[in-house]
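Reminder, nothing fancy here: chain letters follow the sequence lines and each chain counts from 1.
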Number of protein chains: 2
Amino acid sequence: MSKPNMTAGAEPRRAQDKAPPAAPQRSEGEGLESKPLYRQVRETLIRRMVDGVWAPGEPLPSEIQLAAELGVSQGTVRKALDEMAAENIVVRRQGRGTFVARHDEERILFQFFKLVGDDGERHFPESRVLGIEKARGTAAECAALALPRNGRVLRIRRLRTFDGAPLIIETLTLPDQMFPGLADAPVPNNLYGLYAQRYGITVSRAREQLKAVGADADTAAMLQVAPGAPVLLVDRLAFSLDGTPVEWRVSSCLTSSFHYLSDLT
Amino acid sequence: MSKPNMTAGAEPRRAQDKAPPAAPQRSEGEGLESKPLYRQVRETLIRRMVDGVWAPGEPLPSEIQLAAELGVSQGTVRKALDEMAAENIVVRRQGRGTFVARHDEERILFQFFKLVGDDGERHFPESRVLGIEKARGTAAECAALALPRNGRVLRIRRLRTFDGAPLIIETLTLPDQMFPGLADAPVPNNLYGLYAQRYGITVSRAREQLKAVGADADTAAMLQVAPGAPVLLVDRLAFSLDGTPVEWRVSSCLTSSFHYLSDLT
DNA sequence: TAGTGGTCTAGACCACGAC
DNA sequence: TCGTGGTCTAGACCACTAC
């Protein structure tokens, strides 16, 4: 047996005691290539977040409680939580506890909104929705969002301004099925907060592809620049906690007094 | 005393046994706000790398040896090394050891060169140096590189191509004093490798600011596009292991068949 | 077989926050 | 005062690499 002390102090765990996303288990003799215990713990905790056991902003049980419940040592739970803290999906506060990360404005500003004023200040732009439509996705949209061919999507087009001046014009594409009723209510500026609160979908990671392009006629008009003016095109695909693509966003940004900040570490 | 077991198994360490970058010490009763031990270990190890005790590619002593030498536990050394591995300044290989990270082409390609072909392939462009000059830095250059006013700098201008087609035209500014004789030898494609091997300066981190701009006449000519064509302007400031700015690089990139890839995690 | 990093445990004390 | 996460230690066993 690869985990000799398991039955020592506490009674042995039965995986079925809890929810289907069960307690982690060592593979004992099975042919499976077993992941480290702390990664199994991590996945158990993430699964619970996906399932809504703990909502954003809520505290997780303490390390000691989690360790007892899952039948592992506190150190193993700690390693899992430390890794999750490094991924920004959990926030740890000494003396208080460990909390599911929220998509508040601060997090958006530092993790997901890379456009910074040339003065170095991080501003959050206002935004105005220009239109919402439901449609069958194009081939590109369905491919990006891992939907079946001609799957239903939701498209949102909005203009984002700073100090009244146009800064970004963008089109977002979402899987329609994942966000029922989204088109029927006003769309807030902080969309990721809405995804989390209303739909229990947490955006944890995104991939952005940038190009410099000349503004087409429509884009130029919306941004109040001449057609062909240089524009930063940002193509973002956002993923939820379990790795599902959740949103495809193509933004045309003016960079005359803002820049895209990227830290290479 | 805050570290009771220090004299247990091994003989107590004397900081002066080794080099001036001494072993970490707990502050015992002093008014100093002491950093955690594992961070002191980390800084000791980084200092040794900066001082050239271990060159890139070379193995560090084993965790056990470092722990004994520094008078801390193996777990503390491990935490320091794990953090350094996460920062890409060290590479750990099970069964072999821990090595100072090298600036080989692979690292450049994944950590510092964010331009990726639209097909998803990571290509490393060829490069041709157009000119090298020594001069007194402009106000902007001296400010960026933390040099005194009118400090001496080295400027390198080069054209980077892929499959023979122009891709990037860039100007690099370096503190002249930091790289003596650099202008007198041919400049390799992989500059960070040269900084490390010849000058013992390791670039560990960089900050990039991106804008979309219209190509000016000179840039357009070099990149073989029309003046005013949209170009991705990448302004990079690179820092060495100890946080000193080492290189300022302004690149104008064509993004018709390449894009800048940014992972938001 | 010996040595390395990787995982896991157990237990101690500290710093911080809430009460 | 108590409970939390943060640090540090000590020691066990495993997986991989080299010889």
| message | When you measure only distances, ignoring hydrogens and angles, does the side chain of A/R78 come within 3.5 Å of the base of D/dT7 through a donor and an acceptor? | response | yes

Rounded to whole Å, CG of B/L70 lies from P of D/dT9 at a distance of 11 Å

Regarding the side chain of B/V72, the nearest nucleotide among D/dT9, C/dG5, D/dG6 is D/dT9

Regarding the side chain of A/Q94, the nearest nucleotide among D/dG6, D/dT4, D/dT7 is D/dG6

After noting the C-alpha distance and the side-chain angles of B/E170 and B/S251, does the key distance pass the side-chain hydrogen bond (donor to acceptor under 3.5 Å, both in side chains) rule?
-> CA-CA 4 Å; B/E170 61 189 3; B/S251 310; 2.7 Å; yes

Of C/dG5, D/dG6, C/dT9, the nucleotide closest to the side chain of A/R92 is D/dG6

To the nearest angstrom, the CZ-P distance between B/F99 and C/dT4 comes to 11 Å

Comparing nearest nucleotides in DNA chain D, the 5'-proximal residue of the pair A/G95, A/D82 is A/G95

*Verify the contact: side-chain N or O of B/S62 to OP1 or OP2 of C/dT4, cut-off strictly under 4.0 Å; return yes or no.*
yes

Establish, with yes or no, whether the OP1 or OP2 oxygen of D/dT7 is under 4.0 angstrom from a side-chain nitrogen or oxygen of B/K79.
-> yes

Considering only heavy side-chain atoms of B/R96, the closest of C/dA18, C/dG6, D/dT17 is D/dT17

Check whether any side-chain nitrogen or oxygen of B/T76 sits under 4.0 Å from OP1 or OP2 of D/dT7, and answer yes or no.
no

Ranking D/dG5, C/dG6, D/dT9 by distance to the side chain of A/E63, first place goes to D/dG5

Give the ring-plane orientation class for A/H123 versus A/F258, where under 30° counts as parallel, over 60° as perpendicular and anything between as tilted.
-> perpendicular

Taken to the nearest whole Å, CG/A/L37 to C1'/D/dA12 is 15 Å

Which of C/dT7, C/dG6, D/dT4 is nearest the side chain of A/Q65? It is D/dT4

- Message: Is it true that, when you exclude B/Q177 itself, more than 12 heavy atoms of the residues, nucleotides or ligands shown sit nearer than 6.0 Å to its CD?
- Response: no

- Task: Classify the angle between the aromatic ring planes of A/F179 and A/Y195 as parallel (below 30°), tilted (30 to 60°) or perpendicular (above 60°).
- Result: tilted

In whole angstroms, the gap separating C1' of D/dC13 from OH of A/Y38 amounts to 16 Å

Atom CD of B/E83 and atom P of D/dC8 are separated, to the nearest Å, by 11 Å

(message) Can you tell me if B/T98 touches the phosphate of C/dG5, counting only side-chain N or O atoms and a distance under 4.0 Å to OP1 or OP2?
(response) yes

Whole-Å distance, A/L81 CG to D/dT7 C1', equals 16 Å

When rounded to whole Å, the CZ to P distance for the pair B/R39 and D/dT7 reads 7 Å

Here the distance between atom P of D/dC8 and atom CD of A/Q74, to the nearest Å, is 16 Å

Could you tell me whether the side chain of A/L194 reaches within less than 4.5 Å of the side chain of A/L182, counting heavy atoms only?
-> yes

